[in-house]
Amino acid sequence: MAQLILEKGKERSVLRRHPWIFVTSVKELDGRARAGDTVDVMDHRGKLLGKAAWSPESQIRARMWTFDGEETIDDAFFKRRIAAAVARRQTLPVLKGQQGLRLIHAESDGLPGLIADQYGDTVVVQLTSAGTDKWRKAIVGALVKATGCARIFDRSDSDVRKLEGLEPVTGWLHGDAPMEDILIEENGVVMKVDIIGGHKTGFYLDQRDNRHLLGQLAAGKRVLNCFCYTGGFSLQALAGGATEVISVDSSQPALDTATANLALNPNLDTSRAQWVCANVFDELRRLKEAGEQFDIIVLDPPKFAPSARHAETASRAYKDIAINGFKLLAPGGMLMTYSCSGGIGLELFQQITAGAALDAGKEARIVQRLQGAADHPVALAFPEGEYLKGLLVQAE
Ligand code: SAH
C-alpha cells in the first residue's frame, strides 16, 4: 500500500480527527496509488496515523477512512460503518417511523463522500469522492444488509464530483425501478419524491423539523414560502391551519410536483394555496409594490456560497432577500430564514440578517435558532458538516 507522508505539523488536524487532508499538507506519496485507492497516512517521522482514500485530482487530496492504522478497509469495514450509522438513527426517538430518512451523512458518519437517503423501501446514494466511487459495490451490499431495502438508485450526478475528476453517473444499483411513484409521509403530509429528476437525492430531508415547526406556527396566518421547491414548507403550513400560502419558485417542474403533492393530501384546502413561478428576488419587490403583507415568510434559498470564496457575493444575495422579507412582514410577523452555504458561518448569517433588519427599518429578535434534522448530524471534529443554519426572527 502506498504511504501518504504529511508535512511537518500537518498531522495536528488528523490527530484531532478531521477527515480531510489538503494538497498543501501532503509532503509526498511514497509508492503508487490510483484514484480511490487506500493509502497509509503517516506523519513526517513515519508514524502511522490511519488510512485514507487517495483523490489525486482534488484539493482535498485524501479523506480519512479510519484513524486506526490497524483497521483494514474492505467490504467488512463498510458493513460495520453503515450498520452503525443506521443503528444510531434507530436510537433517536425523533427519527422513529420516518419514511424519509438520511441514513448516511458523509464525513459526520465516518464515511467521507457518501450520502444515502431512504424513501420507504428505496435508498438513493450519492458518491461524491474517489474513495466512495471505488467502493460502490461494497457500499451497496452493506446498505442492503443494514436496511433490507428493495432497491438502490445511484444519483452520483452532483457537481462536486467534477472536483474529484469523476464523471456524473446515475442508475439502478440494486433492484428495479418501482412500478409507482415514490411517496413518503412527513409529519402527516404525503410528498412525492422524484429520485431521478429531483434535486439532490430527490428531497430536502434536512428541513424536516423546520417544516414541522412552520406547521405549528401557521394557524390563522398568511404565509409566503420563497424557494418552495416541491412545496414541503407550504403543505406543512396548510396542514397547520394557515389561511393563505403563497409559494414562489423559479422551477416550473418543481411547482408541478408541488401542486401534485397538494392533490395527494385531500384534507388540505387547495383554495388556500397559490403557486407562483418567478424569481424570488423580483417577486419580493413586486409583492412589496403591490402593498402585500405576510405573517410568516420562509426564505430557503439554494446554496449561494458553496465555499468561503463566494461569501461576499452570497452575503449580498442573502441580505437582499432578507431586507425585502422584513419589509413584507405584518406587525409581529416572523421571518424564517436559512442558509445552506458551507461558506457562510452562523455568526456571519446572523450579521447579514441583522443588517437586513436595520436597512428595512425593522426592530426584530431571534426567537429560535434552526438547524438540520437529527439524521444530518455534525461530527464534533468536522464543523464543515454544519452547512444548514437558520433563524426564526420576530419583528415588531
Ligand atoms: N424549501 C425547499 C427546498 C428549497 S431548494 C424544501 O423544503 O423542500 C431551493 C429552491 O430554490 C429550488 O427549488 C430552486 O428551483 C429554487 N430557486 C433557485 N433560485 C431561485 C430564484 N432566484 N428564484 C426562485 N426560486 C429559485
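The distance from the CZ atom of F227 to the OG atom of S247 is 13.0 Å, given to the nearest 0.5 Å. Rounded to the nearest 0.5 angstrom, Q3 CD and K27 NZ are separated by 12.0 Å. Note that the CG atom of N210 and the OH atom of Y204 stand 14.5 Å from one another [nearest 0.5 Å]. Distance OG/S339 to CG/L370: 12.5 Å, rounded to 0.5 Å. Note that CG of L163 is 8.0 Å distant from CD1 of I60, once rounded to the nearest 0.5 Å. The distance from atom CG of D295 to atom CG of L328, rounded to the nearest 0.5 Å, is 12.0 Å.
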### Candidate pair E11 and R45, rule salt bridge (charged side-chain N to carboxylate O under 4.0 Å, His left out), full reasoning
CA-CA 10 Å; E11 70 283 358; R45 291 200 187 86; 5.9 Å; no

### Task
Just do the side-chain hydrogen bond (donor to acceptor under 3.5 Å, both in side chains) check on T170 and D157 with the steps written out, would you?
CA-CA 7 Å; T170 59; D157 54 356; 5.7 Å; no

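Using a cutoff of 4.0 Å between basic side-chain nitrogens and carboxylate oxygens, E107 and R63 are scored as salt-bridged. Between E289 and R286 there is no salt bridge, since none of the side-chain N atoms of the basic residue sits less than 4.0 Å from a carboxylate O of the acidic one. A salt bridge links R151 with D121; the closest basic N to acidic carboxylate O contact falls under 4.0 Å. Salt-bridge check for K200 with D117: failed, with every basic side-chain N at 4.0 Å or more from each acidic carboxylate O.
Counting heavy atoms of neighbouring residues, nucleotides and ligands inside a 6.0 Å radius, atom NZ of K288 does not exceed 12 of them. Counting non-hydrogen atoms of neighbouring residues, nucleotides and ligands closer than 6.0 angstrom, the CG atom of N267 exceeds 12 such neighbours. In this structure, Q59 places its CD atom where only 12 or fewer heavy-atom neighbours from other residues, nucleotides or ligands lie under 6.0 Å away. Other residues, nucleotides and ligands contribute more than 12 heavy atoms inside 6.0 Å of the CD atom of Q252. For CD of E167, the number of neighbouring non-hydrogen atoms (other residues, nucleotides, ligands) closer than 6.0 Å is 12 at most. More than 12 heavy-atom neighbours from other residues, nucleotides or ligands sit within 6.0 angstrom of CZ on R80.
At a cut-off of 3.5 Å, with distance as the only test, a side-chain donor of T201 or Y119 sits close to an acceptor on the other residue. The closest side-chain donor-acceptor pair between S129 and E164, if any, does not fall under 3.5 angstrom. Using modelled atom types, one finds a donor on one side chain and an acceptor on the other under 3.5 Å when comparing S156 with D154. Residues Q207 and D300 bring a donor and an acceptor atom of their side chains to less than 3.5 Å of each other.
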Do any side-chain atoms of residues 353-361 form donor-acceptor pairs under 3.5 angstrom with protein atoms, and if so which ones, sequence neighbours left out?
{"residue": "T353", "atom": "OG1", "partner": "F349", "partner atom": "O", "Å": "2.8"}
{"residue": "D359", "atom": "OD2", "partner": "K319", "partner atom": "NZ", "Å": "3.1"}

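L49 and I5 are members of different hydrophobic clusters when ILVMFWY side chains are connected at heavy-atom separations under 4.5 Å. Linking ILVMFWY residues whenever their side-chain heavy atoms come closer than 4.5 Å, directly or via other members, places V189 and L205 in the same cluster. The cluster map of Ile, Leu, Val, Met, Phe, Trp and Tyr, joined by side-chain heavy atoms under 4.5 Å apart, puts L392 and F233 in the same cluster. Criterion: ILVMFWY side-chain heavy atoms under 4.5 Å apart, direct or through other members. Under it, I323 and M336 are not part of a common hydrophobic cluster. Hydrophobic clustering (ILVMFWY, side-chain heavy atoms < 4.5 Å, transitive): L214 and I246 are in distinct clusters.
Only one option out of R208, R88, R89 pairs with D375 in a side-chain hydrogen bond (donor to acceptor under 3.5 Å, both in side chains); it is R208.
The ring pair (Phe, Tyr, Trp, His ring centres under 6.0 Å) check on F78 picks up W65, W135, with sequence neighbours excluded. A search for salt bridge (charged side-chain N to carboxylate O under 4.0 Å, His left out) contacts involving K134 returns D37, not counting sequence neighbours. Applying the salt bridge (charged side-chain N to carboxylate O under 4.0 Å, His left out) test to E312 and every residue at least two apart in sequence or in another chain returns R316. Annotation: ring pair (Phe, Tyr, Trp, His ring centres under 6.0 Å) contacts of H212 (sequence neighbours excluded): none. In this structure T147 satisfies the side chain to side chain contact (heavy atoms under 4.5 Å, CB included) test together with V86, L103, Q118, V123, C149, sequence neighbours excluded.
For the residue pair Y338 and V298, the shortest heavy atom distance occurs at CE1-CG1, 4.3 Å.
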